[in-house]
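Residue numbers begin at 1 in each chain, while the letters A, B, ... track the order of the sequences.
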Amino acid sequence: MKYPYIREFSSTLVNWYYKEKRDLPWRHTTDPYKIWVSEVMLQQTRVDTVIPYYHRFINKYPTLESLAYAPQEELLKMWEGLGYYSRARNLQTGVREVVEKYNSKVPNNRHDITKLKGVGPYTAGAILSIAYNEPEHAVDGNVMRVLSRVLHIKEDIALPKTKKVFEEAVTQLIFKKDPGSFNQALMDLGAQICTPTSPKCLLCPVREYCLAFQEGKPEELPIKSKKQKNKKIKYDIYIAIDEDGKYLLQKRPSEGLLANMWEFPMIEIEKENILKSYEIFQKSYDLNITDFLNDQLLKFKHVFSHLTWEMDCHLVQVQKTSKLPKDSNFYSIDEITKLPMSVPMLRILNILK
DNA sequence: AATTCGGGGAT
DNA sequence: ATCCCAGAATT
């Protein structure tokens, strides 16, 4: 399609951004490493959530090298509560690649930077445009919403191939004097004005260039199809205390959900189970429950994006055993506090404190 | 192309 | 409850 107001749209948008942009921590630097950290944290995560994590993370790991040499458990602890923990592991992998293969210089072209672990099309474009002033697209959900309205694009944004349409659009629209500001302006507009529901069109600096506003129904765009189904899994959680008052913890596998994070032992409740869950627990950890201290310590749900855990927590006294399974051990509360744990496990830990 | 990965805030 | 957020990796 032809969109006749490219120059006016782009300069108007950027001028609005210069005047109205939010004062965010990562907007005080052009260090590609720090921009990288911020962009990874911001993946599927709100600005307000990221800000305190960003400060603490940069304070702890101010340089590529400091992150490259950090112990993974310490890194995960820094990421604790932020979610999508593979982002942290992939970021460290990517940072190590830069230190080793690129002499600690973050690549300044899409070909090389996209090869880095955890750096996809969006993050590549964000780093290149913001840190290196390169005219590269950075299309996220925000940008697709804004441009679906401005350009009246009715293709399903849930389909992977649709993103190309927006990437090509940005490539044509981008403000080449200041690509980083242009990309961030699109996102700021999406966050503050062109919101998912009830967009503030009367405050929009580019509404006279917006085809959806002219059509009268900007809130009906973008079009997005699929909704994911949410499976439920029930667990009995065993908070097991030994004779020394220490608690049994299990480290999760190195792949999959909450990889390498610690948790109180979880026994999935399945209908076809013949044994009671406490029997399975005793058998798996090769120990004996000597006392059921509290069979209704805490019962709650935790909702992930693609599944829900229903957790029933039991406090039990156990006899210490010398043959615990791999990656499990007894720890004091102080020791537990230093280990990375998921939010539902932190909730249990808080009850114990 | 579809699924898997967290968690929280807005509606 | 539902949506969606400065997405990427895996299948």
Side-chain angles (χ1 to χ4, degrees), chain A residues 17 21-22 24-27 35-54 76 79-91 93-94 113-130 136-146 156-164 166-167 170 180-192 194-199 219 222 224-231 252-261 301-309 340-347:
Chain A
Y17 176 75
K21 67 177 175 184
R22 291 172 289 176
L24 303 175
W26 43 90
R27 288 182 177 169
I35 302 297
W36 185 3
V37 170
S38 73
E39 291 301 339
V40 171
M41 285 188 169
L42 286 162
Q43 289 166 10
Q44 296 293 288
T45 311
R46 292 168 191 285
V47 165
D48 292 337
T49 305
V50 167
I51 289 174
Y53 282 91
Y54 175 80
L76 285 175
W79 210 270
E80 183 183 81
L82 198 52
Y84 285 154
Y85 300 95
S86 65
R87 288 184 296 175
R89 294 183 287 112
N90 291 340
L91 173 61
T93 303
I113 202 172
T114 305
K115 288 182 187 168
L116 300 173
K117 200 75 173 176
V119 178
Y122 164 77
T123 304
I127 297 172
L128 292 172
S129 64
I130 297 170
E136 295 285 345
H137 58 74
V139 173
D140 67 344
N142 245 323
V143 171
M144 287 198 283
R145 181 178 61 257
V146 170
D156 184 358
I157 65 167
L159 300 176
K161 65 175 183 179
T162 303
K163 196 166 66 171
K164 292 177 186 170
F166 291 94
E167 289 172 344
V170 171
S181 292
F182 177 80
N183 283 335
Q184 293 183 88
L186 280 177
M187 294 186 271
D188 257 32
L189 192 70
Q192 304 192 84
C194 198
T195 48
T197 58
S198 56
E219 68 282 353
K224 186 174 184 178
S225 62
K226 64 181 174 189
K227 50 236 164 194
Q228 64 259 32
K229 45 194 175 283
N230 196 310
K231 289 189 294 185
R252 293 180 64 87
S254 60
E255 293 183 349
L257 183 65
L258 301 171
N260 290 338
M261 312 267 300
K301 288 182 186 176
H302 185 79
V303 180
F304 297 91
S305 44
H306 60 298
L307 59 89
T308 298
W309 284 357
M341 300 180 84
S342 64
V343 164
M345 290 301 157
L346 290 172
R347 185 166 168 179

Next item on the list: Check the distance between C/dC5's C1' and A/Met41's CE and give it to me in whole angstrom.
Entry: 16 Å
Next item on the list: Check side chain to side chain contact (heavy atoms under 4.5 Å, CB included) between A/Tyr85 and all other residues, then give those that pass, not counting sequence neighbours.
Entry: A/Leu76, A/Trp79, A/Leu258, A/Met261
Item checked: C/dC5 to B/dA1 separation - C1' atoms, rounded to the nearest Å -> 22 Å
Next item on the list: Report, as a single string ordered 5' to 3', how protein heavy atoms within less than 4.0 Å touch nucleotides 6-11 of chain C: B base, S sugar-phosphate only, - not at all.
Entry: BBSSS-
Next item on the list: Measure from CH2 on A/Trp79 to P on B/dG6 and round the result to the nearest Å.
Entry: 12 Å
Note to self: Need to verify one output field. Residue with the more 5' nearest nucleotide on DNA chain B, A/Asp48 or A/Pro160?
What the structure shows: A/Pro160
Next item on the list: Measure from CZ on A/Phe304 to P on B/dT4 and round the result to the nearest Å.
Entry: 14 Å
Notebook entry, point to check: Taking the P atom of each, how far is B/dG8 from C/dA8, in whole Å?
Noted result: 22 Å
Notebook entry, point to check: Under 3.5 Å, is there an N or O donor on one side and an acceptor on the other linking the side chain of A/Thr49 and the base of B/dG8?
Noted result: no
Check: Is the closest side-chain donor-acceptor distance between A/Arg252 and A/Ser342 under 3.5 Å?
Finding: no
Note to self: Roughly how many Å apart are C/dC3 and B/dT3, using the P atom of each and rounding to a whole number?
What the structure shows: 16 Å
Check: Roughly, in whole Å, what's the span from CG in A/Leu258 to P in B/dT4?
Finding: 15 Å
Pair up each side-chain donor or acceptor in residues 116-129 of chain A with any protein partner under 3.5 Å, not counting sequence neighbours, and list the distances.
{"unit_1": "A/Tyr122", "atom_1": "OH", "unit_2": "A/Glu39", "atom_2": "OE1", "d": "2.6"}
{"unit_1": "A/Thr123", "atom_1": "OG1", "unit_2": "A/Gln43", "atom_2": "NE2", "d": "3.0"}
{"unit_1": "A/Ser129", "atom_1": "OG", "unit_2": "A/Gly125", "atom_2": "O", "d": "2.8"}
{"unit_1": "A/Ser129", "atom_1": "OG", "unit_2": "A/Ala126", "atom_2": "O", "d": "3.3"}
{"unit_1": "A/Ser129", "atom_1": "OG", "unit_2": "A/Asn183", "atom_2": "ND2", "d": "3.0"}

Next item on the list: Whole angstrom is fine here: how far is it from CD in A/Gln192 over to P in C/dC5?
Entry: 15 Å
Checklist line | Pairwise P distance, B/dT4 and C/dA6 [rounded to whole Å] | finding: 24 Å
Item checked: Under 3.5 Å side-chain donor-acceptor pair for A/Gln44 and A/Arg87 -> no
Checklist line | Residues in side chain to side chain contact (heavy atoms under 4.5 Å, CB included) contact with A/Ser86, at least two apart in sequence or another chain | finding: A/Arg89, A/Asn90
Next item on the list: For A/Leu82, report the nucleic acid contact type (base, sugar-phosphate, nothing); a contact means any heavy atom under 4.0 Å.
Entry: base
Checklist line | Pairs satisfying salt bridge (charged side-chain N to carboxylate O under 4.0 Å, His left out), at least one member in residues 136-145 of chain A, at least two apart | finding: A/Arg110-A/Glu136
Note to self: Any base atoms under 4.0 Å from A/Pro344, or only sugar-phosphate, or nothing? Heavy atoms, all strands.
What the structure shows: sugar-phosphate
Next item on the list: Please state how far atom CG in A/Asn260 lies from atom P in B/dC5, giving the value in whole angstrom units.
Entry: 14 Å
Check: From B/dC5, B/dA2, B/dT11, pick the nucleotide closest to the side chain of A/Thr197?
Finding: B/dT11
Next item on the list: Take A/Ser38 and A/Tyr53 through the test side-chain contact (heavy atoms from CB on, under 4.5 Å) and record every step on the way to the result.
Entry: CA-CA 9 Å; A/Ser38 73; A/Tyr53 282 91; over 6 Å; no
Next item on the list: Using only side-chain N and O atoms of A/His306, determine if any of them is under 4.0 Å from OP1 or OP2 of B/dG6.
Entry: no
Item checked: Set of ring-ring contact (aromatic ring centres under 6.0 Å, His included) partners for A/Tyr54, sequence neighbours left out -> A/Trp26
Margin query: Under 4.0 Å, heavy atoms only, any strand: does A/Thr195 hit a base, just the sugar-phosphate, or nothing?
Written below: nothing
Next item on the list: Using atom CG of A/Asn230 as one end and atom C1' of B/dT3 as the other, report the distance to the nearest whole Å.
Entry: 13 Å
